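Reminder, nothing fancy here: chain letters follow the sequence lines and each chain counts from 1. Nothing here was measured: the structure is a model prediction, and the numbers come from that model.
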Amino acid sequence: MNCTKIFAAAILSTGLFLVTACGNDGAKTEEKVIAADEQPATQPESHGTEVKAGDVTLTTPVNAEWVTAGKSIYELKCQSCHKLTDERLVGPGWTGVTKRREPHWVMNMITNVEMMLETDAEAQKLLEQCLVRMPNQNISKDESRQILEFMRQNDGVK
Amino acid sequence: MSNSLTKILTALGLFAIVTGFQSCKPKTAQSAAGGDASKSFIAPGKYDEFYNIVSGGFNGQVAVYGIPSGRLFRIIPVFSQSPESGYGFSEETKPMLNTSHGFVPWDDQHHIALSQTKGEHDGRWAFANGNNTPRLARIDLSTFRTAEILEIPNSAGNHASPFITENSEYIVAATRFSVPLDDQNGDVPINTYKQNFKGSISFVSVNPSSGEMNIAFQIRTPGVNFDLSRAGKGKSHGWFFFSCYNSEKANTLLEVNASAKDKDFVMAVNWKKAEEYLKAGKGKKQAVKYAHNVYDENTHTATSVIKTEVMVLDPADCPDMLYLIPCPKSPHGTDVDPTGEYIVASGKLAASIPVFSFTKLQKAIADKVFEGEYDGIPVIKYEAALQGEVAKPGLGPLHTEFDGKGNAYTSMFVSSEIVKWRLSDLKVLDRVATYYSIGHLSIPGGPTAKPHGKYMIAYNKITKDRYLPTGPELTQSAQLFDITGEKMKMILDFPTTGEPHYAEAIPASMLMGKQRKIYKIEENMHPYVSKGEGQTKVERKGNQVHVWMTAIRSHLTPDNIEGVKVGDEVYFHLTNLEQDWDVPHGLAIKGANNAEILVMPGETQTLKWVADRTGIFPFYCTDFCSALHQEMQGYLRVSPAGSSTPLLFSTGTNKPAVTTPGINVADTMKK
């Protein structure tokens, strides 16, 4: 068997040699095709930077302005999938979410859903339950904070 | 064991001999066209170097390919309806195809011009001509969508179009057919051609910030046929060159009668001069009718306005504006080299390619070296403007592009080849076969002052034996050549959609970073937008039923609609609430007489549907959006005209199922 392999290799390389020797009759213009650069990051669609534990400070009473702003974002971009009760629609209902989750977890889920679904075990568990990847809804970090405030109010924080 | 070893060795030996023999055999056309896959190969996940924006010919659309891979990325709906996206079918996009003749859902799209600044690509817009019902389109290169369509009056066959000046000041639209003008009585005997038929060139201005097109002025010309054109650049900026045929003014059997004379013309237009005449009040207003259609990205809706006037310059009132240069037999391409000095005219029935010099042309005009007049326009002496002729280039020269290294490349339709020649001494340097019958060719940046070079693409009319046959109708093809070396080398052969005529290519890096990913839902100004599910509703206005509907992975709201009656026109205004890239939702409903609509994230589009019978009509999302896409569906109930079924709509109210014997289908059948 060894013998066969050696022969095969020898003959194959002869064949290859013939190809290369006769194939290139002109000047060598072997220019490697260079792929264009990776997609630049300056896009209107935003993926936020990670919010760390401790980045978010919760205060009482709730910030009423943020609650109002958060509510209108909810109606535009979240309501289709999340009820304010504990009933699951496409995603989980919001009742109790601020008690179940850390504030930075909630904000990352809103602004960095791709990262969360890749790295966070709890987020992955939710995907297994709901089967629909939570969409990136182009929400900024500040807006996600406003949504969080609205969630707190929904959970009864005054 | 030894037996099998022998077999293997024999097989391998044969393989080696065969391989060796094949690679050393003299190159026939077939082996030369074998390609070099490694040069066109783009590994999975990697990007192409160039976008190739390609005319679609008789499909009326524009295609986008990657170069060097030849992969097709998109077909942009431009002059033809596209049931795939709903373009020309949705209520918002129907006005894009409005003309003075009414709704014209098809055209013949031949040439592309990419916007330029200082003679170079600026990556903002692609312009496209509609040949049949004369129109010009502007495509936004950040959305790859048609942003605007302008009809061209006093034209019949917008062929010599859209060619662009070095700062996108103007794109031109010169008529292929001369005809009686729009404000004349056109009901004349056809054989009064010489007396009644006139030509027309439109100069369409491009707003430098918005890109909006407007007909700045038209130039009335003798009744010739215009074929192709190029703007001057650099030293010849301010001039435009048009190829003309049928200087015989024949009105029948042009195949013979328009080739009677030995020479036709290249028309040189001094458009800076034309601007002066316009300022001096030499223009005359003429009554016409043409449509101007603009798509608004905030309302996601197109509007069509009929305009009724153009400003016309008559050469009789405007001396020194037009000159004619004799040019052998029915010239096609008239192409200006990157320096602006040379004008290459390809007489498709001529045995040589004349190359005119802009410097000599200026001197001939200054010295009045004319051989006469044609309809009052000075005809310059051929030799006085001529730099020289490329001798025996091949048969049927059509179109020339440049590599920016002093070389020109001319396509030869009749002899199916491309000829590379040097501008400095007009010597033929190389020739390569194409398969078969090449029309236009394209070098990235070839028509600009700074070609990007590297590749050349041939667009062929006939493929015959090149691909798997598909009945009587075969694909057209493109062939990609490496032009970095002295010899042109074919590296790829790929089928195309439609019938490409001209195309341009632009570096990927100029467009990739500016691609729009979504429409911001906050900025959506559509009159029927639903900003959130809370705003969805159904309203009746006479026999019109308007449905404010939303889509998000993966449900439509409302998805249960009742109270629609036979004869009602139902307008589904679908807003896609997604704000993530690459998540369109579609909407289709059984029995729709138009098409589906495909709605991008943050966008609203409207599908009109007429209830033609009673029953339950399912509707659903057509774009596979998530694991639960197949569940993204709903029902619309149609009751008889005049019935009292109340207008109801809902989604996910999860009411318990109802079984009412009285309205059971089976029971109804029994009655």
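Scanning both residues, Arg133(A) and Arg553(B), for their nearest heavy atoms gives O-NH1, 4.4 Å. In this structure, Ile552(B) and Ser80(A) approach most closely via the heavy-atom pair CG2-CB, 3.3 Å. Residues Gln79(A) and Gly534(B) come closest through the heavy atom pair OE1-N, 3.4 Å. For Lys77(A) against Glu522(B), the heavy-atom pair with the smallest separation is NZ-OE2, 2.7 Å. Ser626(B) and Val132(A) make their closest contact through OG-CG2, 4.2 Å (heavy atoms, listed as atom of the first residue, atom of the second, distance).
For a residue to count as touching a neighbouring chain, one of its non-hydrogen atoms must lie under 4.5 Å from one of that chain's; by this rule Thr557(B) does not touch chain A. Only the backbone of Glu75(A) comes within contact range of chain B, with heavy atoms under 4.5 Å apart. Neither the backbone nor the side chain of Lys487(B) has a heavy atom closer than 4.5 Å to any heavy atom of chain A. Residue Leu577(B) touches chain A through both its backbone and its side chain, counting heavy-atom pairs closer than 4.5 Å.
One finds the CG atom of Leu76(A) at 9.5 Å from the CG atom of Asn524(B) (value rounded to the nearest 0.5 Å). Note: His555(B) NE2 to Leu89(A) CG = 5.5 Å, rounded to the nearest 0.5 Å.
Atom CG of Asp55(A) is surrounded by more than 12 heavy atoms from other residues, nucleotides or ligands within 6.0 Å. Heavy-atom contacts from other residues, nucleotides or ligands closer than 6.0 Å to CZ of Phe144(B) number more than 12. Remark: Lys71(A) NZ is loosely packed, at most 12 non-hydrogen atoms of other residues, nucleotides or ligands lying under 6.0 Å away. Environment of CD in Glu65(A): sparse, with no more than 12 heavy atoms of neighbouring residues, nucleotides or ligands closer than 6.0 Å.
Proximity to chain B at a heavy-atom threshold of 4.5 Å picks out Val90(A) from residues 90-108 of chain A, in numerical order.
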